[in-house]
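The block underneath contains the structure these notes are about, expressed in structure tokens.
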Amino acid sequence: MQRDDIRNLAMLVAFAIIGLLFPIVATTRFSQHILVMVVLYAVLGEAWNIMAGYAGMVSIGQAAFFGLGAYVSSVLSVKYGVSPWLGMLCAGLATAAFATVIGLPFSRLRGRYFAIGTIALGQMIKVVFENWQWVGAATGLMIPLANQGFASFQFHASKLPYYYTGLALLLLTLAFMYIMERSKMGYYFKAIRENEDVASGLGVNRTAYKLIAIAVSAGITGMCGTFLAQYSLYVEPEYMFNHSISVTIALVAVFGGSGNIIGPVLGSAILMPISELTRAWLGSSGTGIDLMIYGAFIVLMCVYEPEGLVGMARRIGASIKAQRERRGAARCQNS
Amino acid sequence: MILQLATGGLLLGCIYGLVSMGLSLIYGVMGIVNFAHGAFVMLAMYASYWLSLFVGIDPVLGTPLVALLMFGFGIVVYRAIIGRVLRGPFLARLLVTFGLSIFFINMAQFLWSPDYRMVQKSISRGIIMLGPVFIELPKLVASIGSLIVAGLIYWFLRKTKTGLAIQAISIDRSAAALMGINLERLNAIAFGLGLACAGAAGALLASYYYIFPDVGTMFGLVALVAVALGGFGSTEGALIGAILIGIIETLGGFYVGPEYKYALIFLAYVLIVIARPKGLMGWGAD
């Protein structure tokens, strides 16, 4: 193991410990809800990151995969009594398969055409589910209450078990991304992001790697869909396929800083509490002021911190280093 | 029947065309995909509504005024926000207008409530018969108005010095700057013009359409699809794409079912863009 690896592993462990310590301060149901949302959107942001931050395919339609995952596990659970955990696995595999099929024609599209294509995908699949009687059409499905516990993936007394489940999902995703970033695949993704024609010229099979990125991203997003379905215990097209889910996922990742591992986690840790708190304090009657502040926040961030929090941290770090070097140089001259 | 539907689609397409033209103009000049375009249409509809309620200016007659207001507003938004983001990374440029959209839609909801409103006394009302086809007068007036504004913008881009400079920027930004074109100033004008298009469309729509905070979202999305369909940066392409979409929406809504009409638009987009990855009339780099 190199020093870098040890440091990063230590960071991951420290991160897990911090994550496990949060519930000590989060004693109310509402603060636990915020924690759940933070881990959920951190995972979703990381999944987006694989596709957009690394492989350069900006998606604004992640809700398509998210909702599909939610529906797969819920239908299995409601109609066939399949365990939600197995359902989650099925949701991941089914969304990944769906994404591969959709990705085949989509991988031809670039930049904005791809981004708008994903918006279109999100809207289309929502309409399909709104009119599909077998899955409850616009009313959706209720997941029947069961005894709480890990077996049923339902927890009624406290939201904390959801949080730990989400945290485990996040740590798994982070570990996966850590390995991915250091593997050939990670470099291929970045090469495709920077210039796919050149990457292809150098022998990267761009269609195959684009499909892998889309499938992995969709699979993780689909599993998150199951997670939210079990958390809220109902699925409904307007809720699960909502365009704002797609937008929030992209925002979380970009706000934190896309194209690196830690960015989306930071982004979610800051944006989700802001979003939930403003909603709780100001938006009690659906007045819209909560989202108004949220929108203003995004605009300000794009104007003042376009590289995201990670970019900001790097800049501050660089300026401190430069200052220290300057001081060192001055001391050398003085002596 | 099909004639009736096609006419309806054409009328709808003209308004989509005007909205799309503004979007296309903004994209062509500064490379920003304006996801807030629908929100600006909504703001214009409210402006038109207040003008008719408090000042007594009919939405149709007030169109130039609303367009002018939105032009000024566009310059302000450009100076305060868009111009600063232009130098930033791709993702910031892509997301800033999302932020604007969320902000304005919810501002409308906060300030003016989510209630549906409607302009009560509009001068264009009634139905006329054109051969076998029924045409609702407000829609006809709005479409003709859209075509007039679109024509004016087209004339401005092709015949005036400022317009030619704007076109030069969309063809090659750095070469245009080297020829002495003031990019900042023209970007601001182009953004203002883009919003003026949205404004005019909003005012014309206000004469017969319900007004509520989320009303612009679908117009914005449809315009986005129309512009992508036509090819980013091609103004004519946007107009053609928009009319195509208007017809798909009306025919699809009738033959397949109204709940599927937007899904059909998006399906058409995906199919066309897969066949032609740069849209019908797009060219150049993305």
Side-chain angles (χ1 to χ4, degrees), chain A residues 52-53 56 58 60 102 104-106 108-117 119-128 130-131 138 243-244 247-248 250-251 253-255 257-259 282-283 286-308 311, chain B residues 27 31 33 35-36 80-82 84-85 87-111 113-114 213 217 221 224-225 227-229 231-232 257 259-271 273-275 277-279 282 285-286:
Chain A
V58 176
I60 316 172
I102 289 290
L104 210 56
F106 266 63
R108 267 167 64 81
L109 309 181
R110 297 190 186 186
R112 297 160 175 93
Y113 294 97
F114 183 89
I116 295 169
I119 297 180
L121 178 67
Q123 299 284 332
M124 281 192 293
I125 195 163
K126 182 173 149 195
V127 173
V128 168
E130 270 170 355
N131 294 287
H243 184 53
S244 70
V247 176
T248 311
L251 284 176
V254 175
F255 177 68
S258 66
L282 303 164
T287 51
I289 191 164
D290 51 331
L291 287 170
M292 203 174 137
I293 292 175
Y294 191 59
F297 195 74
I298 293 159
V299 172
L300 289 176
M301 173 212 104
C302 285
V303 172
Y304 293 105
E305 283 304 335
E307 298 282 357
Chain B
Y27 176 78
V33 180
F35 287 104
I81 295 159
I82 306 293
R84 293 161 187 254
V85 181
R87 287 176 294 273
F90 173 71
L91 281 169
R93 279 182 278 141
L94 194 68
L95 288 177
V96 67
T97 54
F98 266 115
L100 283 175
S101 173
I102 296 174
F103 178 79
F104 285 126
I105 290 171
N106 289 286
M107 182 187 84
Q109 189 161 338
F110 175 62
L111 293 178
S113 86
T217 312
L221 274 178
L224 209 60
V225 172
V227 171
L229 208 55
F232 272 107
E259 64 272 30
Y260 291 110
K261 63 180 186 184
Y262 292 118
L264 284 171
I265 293 176
F266 290 120
L267 187 66
Y269 166 78
V270 171
L271 292 179
V273 175
I274 286 167
K278 284 187 194 306
D286 49 5

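Lettering follows sequence order; numbering is per chain, from 1.
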Go through the steps to decide whether His243(A) and Thr217(B) satisfy the test side chain to side chain contact (heavy atoms under 4.5 Å, CB included), and finish with yes or no.
-> CA-CA 11 Å; His243(A) 184 53; Thr217(B) 312; 5.9 Å; no

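- Using a 4.5 Å cut-off between heavy atoms, Val270(B) touches chain A through its side chain atoms alone.
- Looking at Leu221(B), the atoms closer than 4.5 Å to chain A (heavy atoms on both sides) all sit in the side chain, from C-beta outward.
- Nearest heavy-atom pair, Met107(B) versus Met292(A), reported as atom, atom and distance to 0.1 Å: CA-SD, 3.5 Å.
- Taking CG of Leu300(A) as the start and CZ of Arg84(B) as the end, the distance is 10.0 Å to the nearest 0.5 Å.
- Of all heavy-atom pairs spanning Tyr113(A) and Tyr269(B), the tightest one is O-OH, 2.7 Å.
- Heavy atoms of Ala268(B) lying under 4.5 Å from chain A are absent altogether.
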Show me the donor-acceptor pairs within less than 3.5 Å that the side chains of residues 88-104 of chain B make with the rest of the protein, sequence neighbours left out.
residue: Arg93(B); atom: NE; partner: Gly88(B); partner atom: O; Å: 3.3
residue: Thr97(B); atom: OG1; partner: Val33(B); partner atom: O; Å: 3.1
residue: Thr97(B); atom: OG1; partner: Phe35(B); partner atom: N; Å: 3.1

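- At a 4.5 Å heavy-atom cutoff, Phe297(A) makes no contact with chain B through either its backbone or its side chain.
- Checked against salt bridge (Lys or Arg N to Asp or Glu O under 4.0 Å), Glu130(A) has no partners two or more places apart in sequence or in another chain.
- The contact between Val303(A) and chain B is made by backbone and side chain atoms together, counting heavy-atom distances below 4.5 Å.
- Contact count against chain A (heavy-atom pairs under 4.5 Å) is highest for Ile274(B) among Ile274(B), Ile81(B), Val85(B).
- Taking CD1 of Ile265(B) as the start and CE of Met124(A) as the end, the distance is 11.5 Å to the nearest 0.5 Å.
- Of the two parts of Ile119(A), only the side chain, counted from C-beta on, holds a non-hydrogen atom closer than 4.5 Å to a non-hydrogen atom of chain B.
- Neither the backbone nor the side chain of Tyr262(B) comes within contact range of chain A, judged by heavy atoms closer than 4.5 Å.
- The NZ atom of Lys126(A) lies 10.0 Å from the CZ atom of Phe266(B); values are rounded to the nearest 0.5 Å.
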